[in-house]
Amino acid sequence: MRVVVPALLKSFVSHYAVNENTGNAEATKARLKNRFRLLALLYKELEKRYGTSKTNEIMQEILMTGGQVFMRGFTPLGPDDDLQTFAKLYKDFESKNIVFDVVEESADKFEIVIKRCLIYESFNELGVAELTQWMCDVASVYFSSYHSRMKYMKDRMIARGDDTCHEIFVWE
């Protein structure tokens, strides 16, 4: 309670407004910061009380167990769906969170390069960029078991210091 209540009270008075002159990415970041401000404030309160190492352990557990809620926008594929159906779902969902280029989109492979992660940028502006790596881990766990015919690979990640993220989905 000594951690949650101060974070909750601070979250009521903080709000990130969208300036009319900002671009779509900045408006998205404001929306994301508002969505995750309580999480950021909770992190900061935990860090004051328990230090960075223990706070990171706690937050990793919170994100890995509760973060699946964030992925609910990916509706399950039906028996007649395929990788191209998934690619459409992915692009619709993630266009709200990342700026990416499609490298390949076929019946067997969907490959993208993420140039900007608006979640990472938002978390960075909230002062909790380190949390993004666990959000990415949530996605990796989720996609690894999303569909029995789909294999997921990620070999670069902005949240872990790379310039881009690289994701490949293969239909087997």
Side-chain angles (χ1 to χ4, degrees), residues 16 18-37 39-40 43 52 56 59-172:
Y16 298 92
V18 178
N19 185 331
E20 295 173 11
N21 300 325
T22 62
N24 193 33
E26 293 306 312
T28 297
K29 286 183 355 184
R31 178 184 54 81
L32 288 167
K33 287 190 284 190
N34 285 321
R35 182 176 187 180
F36 291 112
R37 72 180 177 251
L39 184 69
Y43 180 90
T52 303
N56 285 343
M59 294 307 289
Q60 183 179 18
E61 181 68 23
I62 288 170
L63 287 171
M64 292 306 293
T65 55
Q68 296 298 320
V69 170
F70 186 71
M71 302 303 294
R72 66 179 166 215
F74 284 94
T75 54
L77 294 177
D80 297 328
D81 291 332
D82 56 18
L83 188 59
Q84 290 174 318
T85 305
F86 170 78
K88 181 182 179 338
L89 288 170
Y90 183 96
K91 290 186 292 185
D92 289 346
F93 180 83
E94 288 295 8
S95 65
K96 299 173 188 92
N97 303 310
I98 60 177
V99 177
F100 61 94
D101 289 328
V102 175
V103 175
E104 181 178 340
E105 186 174 346
S106 68
D108 300 321
K109 186 177 182 183
F110 177 57
E111 179 178 1
I112 65 162
V113 172
I114 299 166
K115 299 183 300 186
R116 286 183 70 189
C117 177
L118 302 177
I119 295 172
Y120 174 77
E121 292 176 23
S122 298
F123 277 30
N124 191 40
E125 291 172 16
L126 288 168
V128 292
E130 57 276 6
L131 296 182
T132 316
Q133 63 186 322
W134 299 310
M135 290 292 286
C136 294
D137 290 344
V138 167
S140 292
V141 168
Y142 183 80
F143 289 135
S144 293
S145 62
Y146 180 76
H147 192 280
S148 62
R149 293 192 61 195
M150 191 172 79
K151 183 177 178 188
Y152 172 73
M153 297 159 279
K154 188 172 198 170
D155 62 2
R156 291 190 308 267
M157 199 163 64
I158 294 168
R160 291 210 168 100
D162 295 310
D163 291 335
T164 60
C165 295
H166 179 233
E167 295 182 323
I168 302 171
F169 301 87
V170 176
W171 198 256
E172 298 178 333

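Along the sequence shown, residues are numbered consecutively beginning with 1. The figures here come from the full heavy-atom set of this structure, side chains too, leaving out hydrogens, waters and symmetry mates.
Among residues two or more places apart in sequence or in another chain, the salt bridge (charged side-chain N to carboxylate O under 4.0 Å, His left out) test is passed with Lys96 by none. Thr85 pairs by the side chain to side chain contact (heavy atoms under 4.5 Å, CB included) definition with Leu77, Asp81, Asp82, not counting sequence neighbours. The side chain to side chain contact (heavy atoms under 4.5 Å, CB included) search around Glu121 returns Lys29, Arg116, Leu118, not counting sequence neighbours.
Separation of atoms CD1 (Ile168) and CZ (Phe110) is listed at 11.5 Å; rounding is to 0.5 Å. Separating the NZ atom in Lys109 from the CD atom in Glu172 is a distance of 12.5 Å, to the nearest 0.5 Å. Taken from CG in Leu63 to CD in Gln133, the straight-line distance is 10.0 Å, to the nearest 0.5 Å. If you take OG on Ser140 and CD on Glu167, they are separated by 7.0 Å, rounding to the nearest 0.5 Å. In this structure, SG in Cys136 is found 4.0 Å from NZ in Lys154, a value given to the nearest 0.5 Å.
Within the 4.5 Å cutoff, the side chain of Arg31 has heavy atoms near those of the Asn97 side chain. The closest side-chain heavy-atom distance from Trp134 to Asn56 is below 4.5 Å. Contact annotation: the side chain of Leu39 never approaches that of Val128 to less than 4.5 Å [non-hydrogen atoms, C-beta and beyond]. Two residues are said to be in side-chain contact when any heavy atoms from C-beta on lie closer than 4.5 Å; His166 and Glu111 meet this criterion.
The ring of Tyr146 has its center no closer than 6.0 angstrom to the ring center of Phe169. For Tyr43 and Phe36, the ring centers are positioned 6.0 Å apart or more.
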* Hey, mind stepping through His147 and Trp171 against side-chain contact (heavy atoms from CB on, under 4.5 Å) and telling me if it holds? -> CA-CA 9 Å; His147 192 280; Trp171 198 256; 3.5 Å; yes
* Before giving the answer on side-chain contact (heavy atoms from CB on, under 4.5 Å), spell out for Arg149 and Leu83 the whole-Å C-alpha distance, their side-chain angles and the decisive distance to 0.1 Å. => CA-CA 9 Å; Arg149 293 192 61 195; Leu83 188 59; over 6 Å; no
* Decide yes or no on side-chain contact (heavy atoms from CB on, under 4.5 Å) for Ile112 and Val102, but give the supporting numbers first. => CA-CA 4 Å; Ile112 65 162; Val102 175; 4.2 Å; yes
* CA sep, side-chain torsions, deciding dist, call: Glu105, Lys91, side-chain contact (heavy atoms from CB on, under 4.5 Å) -> CA-CA 11 Å; Glu105 186 174 346; Lys91 290 186 292 185; 2.9 Å; yes
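When all heavy atoms of Lys115 and Ile158 are compared, the pair lying nearest together is O-CD1, 4.1 Å. Contact between Asp162 and Met157 at its shortest, heavy atoms only, is OD2-N, 2.8 Å.
Remark: the backbone N or O of Ser122 is not paired with any side-chain donor or acceptor of Glu125 at under 3.5 angstrom. With hydrogens and angles ignored, the 3.5 Å screen pairs no side-chain donor or acceptor of Asn124 with any backbone N or O of Tyr120.
The side-chain contact (heavy atoms from CB on, under 4.5 Å) with Arg156 is formed by just one residue from the set Asp163, Val113, Ile114; it is Val113.
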